[in-house]
Amino acid sequence: MKEILITGANSYVGARLYFDLKEKYKTTGTYHKNRLSDSFVQLDTTNPQEIHDLVSRINPNTIIHVAANASAKWCEEHPEEARDLNERATKSVVDVAKSTASGVIFISSFAAEDTSNVYGQTKAASEEIIKEGTEKYVILRPSLVIGFSPNTQNDRPFNRILKNLDGGIPAVYDTSWKFQPTYISHLSQVISLVIDRDLQGETIPVAVASLKSRFDIANDILSEFNVVVEPEDKHDQTPVIENDLQKLKDLGLPLWEYDEMIKAIISEIRNRDKFKI
């Protein structure tokens, strides 16, 4: 059984990856704060020695590097901390991975294509650090990620939808910004095939083809639970980044249609008790 290490396994994305992958691989997950599982080990990814000690001890075949702060607002307000967490920590992970011959799967973002803000800059810089630091890498670029995760507490877009459903918080969502959403389970599927096929040296966008707004997604999910969603035009000027997903096709990796994804997410919500880590 191959061994993998997931940094940031307590995060919204990391927790779902851990849940999806732990039965197939010998999986170690890390956390910094707010431990979600007793099996997780504490790791400060801004401390190179801690990374070295952990990776040397477990000697994983693959490191899935998720740990980061994905809030563009926070990164803009704390640029040096953002570069420590999102950029310099990535270099430490890559350096240790190379010394132990571990592969690296880096969870980047569509935002790496827009370097007008600090978050995009850190993602773009991290991608270059990985490409320069090791040949045994795959970079996955999700867009805004949705789907059920064992971490329902982080202030991520999908968890706000759950608060509308469970907490009675009014569902008011922006109609202005369009993007290609990423299904969180799609990320797991792609990662599993990358590991099994030993793919290397690829940068792969992972999303659905359809451009949707936050309102579209919230309305399509919450209407199934009889929750009314109100539209709001926030005049969001975030650039629309659209990928044709040809790389997924070329590599024979799975693609998801928008409607198929929404149906799967509705089913996840109805069966949420199974997502235990």
Side-chain angles (χ1 to χ4, degrees), residues 9-23 34 36-37 66 70-74 107 109-111 142-190 205-238 240-243 245 254-277:
N10 64 311
S11 66
Y12 164 72
V13 170
R16 177 60 185 265
L17 297 184
Y18 182 87
F19 174 83
D20 287 341
L21 299 173
K22 64 184 175 65
E23 298 302 326
N34 305 319
L36 286 180
S37 169
V66 185
S71 168
K73 183 175 184 292
W74 182 88
I107 307 301
S109 170
F110 273 31
S143 180
L144 188 150
V145 182
I146 59 174
F148 199 89
S149 166
N151 183 335
T152 60
Q153 301 305 311
N154 278 20
D155 187 28
R156 306 309 303 149
F158 181 77
N159 287 343
R160 295 170 204 161
I161 291 174
L162 293 180
K163 290 177 181 178
N164 302 138
L165 180 60
D166 300 332
I169 297 173
V172 182
Y173 284 89
D174 176 52
T175 59
S176 60
W177 180 49
K178 300 283 187 177
F179 56 91
Q180 293 171 266
T182 297
Y183 180 30
I184 200 167
S185 180
H186 190 188
L187 273 176
S188 297
Q189 292 171 359
V190 170
V206 182
V208 301
S210 304
L211 284 172
K212 298 292 179 179
S213 69
R214 294 175 188 262
F215 170 80
D216 294 330
I217 293 168
N219 187 57
D220 289 340
I221 293 172
L222 290 173
S223 63
E224 289 295 315
F225 299 92
N226 300 313
V227 175
V228 176
V229 181
E230 299 292 340
E232 179 183 18
D233 186 351
K234 291 189 175 182
H235 306 286
D236 190 334
Q237 299 301 308
T238 302
V240 175
I241 300 172
E242 190 170 5
N243 279 282
L245 309 180
L255 290 96
W256 280 73
E257 298 294 335
Y258 176 76
D259 290 344
E260 178 188 20
M261 175 185 70
I262 293 297
K263 288 179 182 177
I265 291 171
I266 290 167
S267 177
E268 288 176 354
I269 293 172
R270 287 178 172 150
N271 296 281
R272 65 176 77 183
D273 289 345
K274 77 175 186 178
F275 292 94
K276 305 293 185 184
I277 57 174

Could you tell me if the side chain of [Y] sits less than 4.5 Å from the side chain of [X], heavy atoms only?
X      : Y      : answer
Phe148 : Ile184 : no
Gln153 : Asn34  : no
Ile265 : Ile217 : no
Arg214 : Lys234 : no
Leu245 : Gln180 : yes
Tyr173 : Asn219 : no
Arg160 : Asp155 : yes
Val208 : His186 : no

Show the nearest heavy-atom pair for residues [X] and [Y], with the distance to one decimal.
X      : Y      : value
Leu17  : Ser188 : CD2-OG, 3.3 Å
Ser185 : Asp20  : CA-OD2, 4.1 Å
Asp220 : Ile262 : O-CG2, 3.9 Å
Val66  : Gly14  : CG1-N, 3.9 Å
Ile161 : Ala218 : CD1-CA, 4.0 Å
Leu162 : Arg272 : CD2-NH2, 4.3 Å

Please answer whether the main-chain N or O of [Y] pairs with a side-chain N or O of [X] as donor and acceptor at a distance below 3.5 Å.
X      : Y      : result
Asn164 : Ile169 : yes
Ser37  : Ile277 : yes
His235 : Ser176 : no
Asn154 : Arg156 : no

Spacing of [atom1] belonging to [X] relative to [atom2] belonging to [Y], to within rounding of 0.5 Å:
X      : Y      : atom1 : atom2 : answer
Asn243 : Ser143 : CG    : OG    : 9.0 Å
Glu268 : Phe158 : CD    : CZ    : 6.5 Å
Asn159 : Leu165 : CG    : CG    : 12.0 Å
Phe19  : Lys276 : CZ    : NZ    : 10.0 Å
Asp233 : Asp174 : CG    : CG    : 6.5 Å
Leu222 : Ile266 : CG    : CD1   : 9.0 Å

For residues Asn151 and Ser149, is any side-chain donor paired with an opposing acceptor at under 3.5 Å?
no

Pair Phe215, Glu232 - check side chain to side chain contact (heavy atoms under 4.5 Å, CB included), show working.
CA-CA 8 Å; Phe215 170 80; Glu232 179 183 18; over 6 Å; no

Assess Arg270 against Phe225: is NZ or CZ under 6.0 Å from the centre of the six-membered ring, and within 45 degrees of the ring's axis?
yes

Let me know which of Val240, Leu144, Thr238 forms a side chain to side chain contact (heavy atoms under 4.5 Å, CB included) with Phe179.
Leu144

Taking atom NZ of Lys263 as the centre, report whether more than 12 heavy atoms of other residues, nucleotides or ligands fall under 6.0 Å from it.
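For Lys263, atom NZ is not crowded (no more than 12 foreign heavy atoms under 6.0 Å).
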
Other residues, nucleotides and ligands only: do more than 12 of their heavy atoms fall within 6.0 Å of CD on Glu257?
no

Asp216/Tyr258 under side chain to side chain donor-acceptor pair (under 3.5 Å): CA gap, chis, key distance, verdict:
CA-CA 11 Å; Asp216 294 330; Tyr258 176 76; over 6 Å; no

